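Keep in mind it's a predicted model, so treat the numbers as computed, not measured.
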Amino acid sequence: QVQLVESGGGSVQAGGSLRLSCAASGDTYRVTFIGWFRQAPGKEREGVASIATSGGSTYYSDSVKGRSTISQDNAKTTWYLQMNSLKPEDTAMYYCAAGSQWVGSRLAQFKSYDYRYWGQGTQVTVSS
């Protein structure tokens with residue numbers, strides 16, 4: 001099993017920045033890729049960034065591309081989502097998720113069903 005804990009959320013004004021963290025524990029060797037998802041009230045969950053733990057390939061949704069960076073530490077037990085130039089529409093609960101079965105190019109499609117392990121989420125609120 002893999003446990004994921006997100007942190008780093010908060011309230012910021014538009015144009016500000018936040019760095020979200022996702023700390024993994026347990027059988028971290030199972031993690032082959034990480035994704036960040038978000039869900040705003042009344043909206044569907046949306047994948048915004050993903051990273052392959054081996055090789056470090058990264059993918060972004062159009063909604064955050066150019067404003068966000070996903071990264072990992074050398075131990076590959078903590079992942080980050082740096083978000084800059086935040087907008088009110090970025091307001092949501094942000095979740096990190098981990099997958100253990102390699103999905104290849106589908107990693108860029110942010111399919112929720114590819115992710116076996118999920119964190120509890122961290123709230124991001126951006127005010128105008």
Side-chain angles (χ1 to χ4, degrees):
Q1 291 293 322
V2 176
Q3 294 79 43
L4 302 173
V5 178
E6 303 95 334
S7 61
S11 297
V12 296
Q13 291 191 329
S17 299
L18 283 174
R19 188 177 81 156
L20 307 184
S21 298
C22 173
S25 60
D27 299 333
T28 57
Y29 65 89
R30 296 179 181 273
V31 178
T32 57
F33 54 92
I34 288 286
W36 282 96
F37 292 77
R38 67 185 184 186
Q39 188 166 23
K43 294 188 177 180
E44 292 187 357
R45 184 165 51 192
E46 171 193 20
V48 296
S50 60
I51 184 169
T53 58
S54 179
S57 296
T58 58
Y59 305 91
Y60 299 93
S61 68
D62 288 342
S63 59
V64 305
K65 191 177 297 181
R67 301 187 295 122
S68 297
T69 303
I70 187 171
S71 62
Q72 59 188 0
D73 68 354
N74 290 335
K76 299 178 184 178
T77 58
T78 303
W79 291 267
Y80 306 96
L81 182 66
Q82 176 70 43
M83 301 190 296
N84 302 320
S85 302
L86 284 162
K87 306 174 182 179
E89 50 264 44
D90 293 319
T91 296
M93 184 71 78
Y94 283 72
Y95 301 90
C96 72
S100 57
Q101 301 288 330
W102 180 242
V103 296
S105 60
R106 205 164 66 233
L107 190 59
Q109 300 175 26
F110 309 110
K111 299 296 185 182
S112 297
Y113 55 73
D114 286 331
Y115 295 82
R116 180 175 182 181
Y117 307 103
W118 291 79
Q120 295 299 306
T122 186
Q123 178 68 38
V124 171
T125 302
V126 184
S127 58
S128 57

Practice problem: Check the pair Ile70, Val48 against side-chain contact (heavy atoms from CB on, under 4.5 Å), reporting the backbone distance first and the verdict last. | Solution: CA-CA 10 Å; Ile70 187 171; Val48 296; over 6 Å; no
Quiz item: Under the side-chain contact (heavy atoms from CB on, under 4.5 Å) criterion, do Thr78 and Cys22 qualify, and how do the steps go?
Solution: CA-CA 5 Å; Thr78 303; Cys22 173; 5.9 Å; no
Quiz item: Met83 versus Ser17: any side-chain heavy-atom pair under 4.5 Å?
Solution: no
Practice problem: Can you establish whether the number of heavy atoms outside Glu89 located under 6.0 Å from its atom CD is more than 12? | Solution: yes
Exercise. Return the set of residues passing side chain to side chain donor-acceptor pair (under 3.5 Å) with Gln82 (not counting sequence neighbours), or none when no residue passes.
Key: Asn84
Exercise. Grab the two heavy atoms, one from Gln72 and one from Ala52, that are nearest each other, plus how far apart they are.
Key: NE2-O, 4.1 Å
Practice problem: Assess the pair Tyr115 and Phe37: is the distance between their ring centroids shorter than 6.0 Å? | Solution: yes
Quiz item: To the nearest 0.5 Å, what is the distance between CD1 (Ile34) and OG1 (Thr58)?
Solution: 14.0 Å
Just distance, no hydrogens or angles: give the donor-acceptor pairs under 3.5 Å from side chains in residues 90-100, sequence neighbours left out.
{"from": "Asp90", "atom 1": "OD1", "to": "Arg38", "atom 2": "NH1", "distance (Å)": "2.9"}
{"from": "Asp90", "atom 1": "OD1", "to": "Arg67", "atom 2": "NH2", "distance (Å)": "3.0"}
{"from": "Asp90", "atom 1": "OD2", "to": "Arg67", "atom 2": "NH1", "distance (Å)": "2.8"}
{"from": "Asp90", "atom 1": "OD2", "to": "Arg67", "atom 2": "NH2", "distance (Å)": "3.4"}
{"from": "Asp90", "atom 1": "OD2", "to": "Lys87", "atom 2": "N", "distance (Å)": "2.7"}
{"from": "Thr91", "atom 1": "OG1", "to": "Pro88", "atom 2": "O", "distance (Å)": "2.9"}
{"from": "Thr91", "atom 1": "OG1", "to": "Val126", "atom 2": "N", "distance (Å)": "2.9"}
{"from": "Thr91", "atom 1": "OG1", "to": "Val126", "atom 2": "O", "distance (Å)": "3.4"}
{"from": "Tyr94", "atom 1": "OH", "to": "Arg38", "atom 2": "NH1", "distance (Å)": "2.9"}
{"from": "Tyr94", "atom 1": "OH", "to": "Asp90", "atom 2": "O", "distance (Å)": "2.6"}

Quiz item: Just by modelled atom types, is the Ala108 backbone N or O under 3.5 Å from a matching donor or acceptor in the Ser50 side chain?
Solution: no
Self-check item: Close side-chain approach of Tyr80 to Thr69, heavy-atom, < 4.5 Å
Solution: no
Quiz item: Can you check whether Gln1 reaches Arg116 side chain to side chain, under 4.5 Å on heavy atoms?
Solution: yes
Practice problem: Determine, for Asp114 against Lys111, whether the closest basic-nitrogen to carboxylate-oxygen distance falls under 4.0 angstrom. | Solution: no
Quiz item: Under the side-chain contact (heavy atoms from CB on, under 4.5 Å) criterion, do Trp79 and Ser21 qualify, and how do the steps go?
Solution: CA-CA 6 Å; Trp79 291 267; Ser21 298; over 6 Å; no
Quiz item: Can Ile51 be reached from Tyr117 by stepping across I, L, V, M, F, W or Y side chains whose heavy atoms are under 4.5 Å apart?
Solution: yes
Practice problem: Examine Leu4 and Trp36 and state if one hydrophobic cluster contains both, with Ile, Leu, Val, Met, Phe, Trp and Tyr joined whenever side-chain heavy atoms are less than 4.5 Å apart. | Solution: yes
Quiz item: In terms of hydrophobic clusters joined by side-chain contacts under 4.5 Å, are Val103 and Tyr29 together?
Solution: no
Self-check item: Spatial distance of atom OH (Tyr59) from atom NZ (Lys65) [nearest 0.5 Å]
Solution: 11.5 Å
Quiz item: Out of curiosity, does Val31 fall in the hydrophobic cluster containing Leu20 (side-chain heavy atoms, cut-off under 4.5 Å, transitive links)?
Solution: yes
Practice problem: Tell me, please, whether Trp118 has Arg45 positioned over its six-membered ring: NZ or CZ under 6.0 Å from the ring centre and within 45 degrees of its axis? | Solution: yes
Quiz item: Is it true that a side-chain atom of Glu6 and a backbone atom of Thr122 form a donor plus acceptor pair closer than 3.5 Å?
Solution: no
Exercise. To the nearest 0.5 Å, tell me how far Arg19 CZ sits from Ser7 OG.
Key: 9.0 Å
Self-check item: Separation between CD of Gln3 and OG1 of Thr28, rounded to the nearest 0.5 Å
Solution: 10.0 Å
Quiz item: Any donor and acceptor pair, going by atom type alone, linking the side chain of Asp73 with main-chain N or O of Lys76 inside 3.5 Å?
Solution: yes
Self-check item: Hphob cluster co-occupancy, Tyr60 + Leu18, side-chain heavy atoms under 4.5 angstrom
Solution: yes
